[in-house]
Amino acid sequence: MRYTVVLTGEYPPIAREILAPAFDVIQHPTEQARTEEEIITILSEADAAITLLGDPLTRNVLAANPNLRMVANYAVGYNNVDVEAARELGITVTNTPGVLTDATADLTMALMLAITRRVVEGDDEIRTTGRCEWEPMKLLGISLQGKRLGIIGMGRIGSAVAERARAFGMEVVGSRRGESIDDVLATSDVISVHAPLTRETHHIIDAAALSRMKPGAYIVNTSRGPLIDENALCDALDSGHLRGAALDVYEFEPEVNPRLLRMRNVVIVPHIGSATDEARTAMARIAAMDVFRFLNGQPPLNPVVPQPRA
Ligand code: GLV
Ligand code: GLV
């Protein structure tokens, strides 16, 4: 009997190339914010699946198809998966760590530079006026040289950002899981958030944390939107307490707080941290390889919920 692998989105072709010779592969179009009912229907024939970070893999969903033995989440973050339920139901869950670290750290630097040097405002000015006028006092930002970068979450990605920031002459302070972030908040010119979304990190940057930040500081988020209370962030930007924010992720994706859309001192991009040819292909390869290994009775290489083999 051939196993069925469901791809809940359109991943780089390498995923199919690895899986199709050995298994029946069903691919669905990429869709945002599916409901539980939708994802239950999509997964109804699956023995294993490669899933999108927006797919809600709740207890209901995981329990709905008794044949489902394995989920390879196409992301390093797996806050969309109820890992407790997966463990109890005997479903193996994997993620795609490591291969997107550089891409995400690069985008973090791109956002940090874009917000502190007002790149998007400048781009907008030229498109609007059709002219490039040099003015001594126009679009002034700050230099990264000599500034302090506070990294909340010194895992793989946080550490890769630290390495890049040091090359720009920044002094880096980091906080690891479980450590107080108060000092980091109070002394940093730029804060960058790199923690997984868990119960503990939800709104780790709330109104109180924002108020502790240095006046005129910037904040960058390429991890998960709900780490920041988005409304409180808008308040801190509106009041001028923060000078700018650069965001790749949002509290209620795919929705973006309309207040952010109106602000000039924010740079906003649509969750593209890992969006390089290299990273996305490598993510597809390791997700598919782990499905392949699992369905062939070998332990997957990137388990977040290890389980007995298929
Ligand atoms: C993307 O956000 C990921 O977690 O890989
Ligand atoms: C993610 O890969 C992290 O550990 O930062």
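Order of listing sets the numbers, starting from 1, for every ligand and every atom in it.
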Check: residues 144-151 side-chain donor-acceptor pairs under 3.5 Å, at least two apart:
from, atom 1, to, atom 2, distance (Å)
Lys147, NZ, Ser143, O, 3.1
Arg148, NH1, Thr187, OG1, 3.1
Arg148, NH2, Glu171, OE2, 3.0

Can a side-chain donor-acceptor contact be found between Thr92 and Arg69 if the only test is distance below 3.5 angstrom?
no

Test of understanding: with side-chain hydrogen bond (donor to acceptor under 3.5 Å, both in side chains), list the residues that count as partners of Asp206, not counting sequence neighbours.
none

Test Leu57 against every option in Leu52, Val83, Asn80 by the side-chain contact (heavy atoms from CB on, under 4.5 Å) rule and name the one that passes.
Asn80

Measuring from each atom of ligand 1, which residues have a heavy atom under 4.0 Å away?
Leu53, Ala75, Val76, Gly77, Leu100, Arg224, His271

Could you state the interatomic distance from CG (Leu19) to OG1 (Thr4), rounded to the nearest 0.5 Å?
11.5 Å

By side-chain hydrogen bond (donor to acceptor under 3.5 Å, both in side chains) - contacts of Glu125 (at least two apart)
Lys138

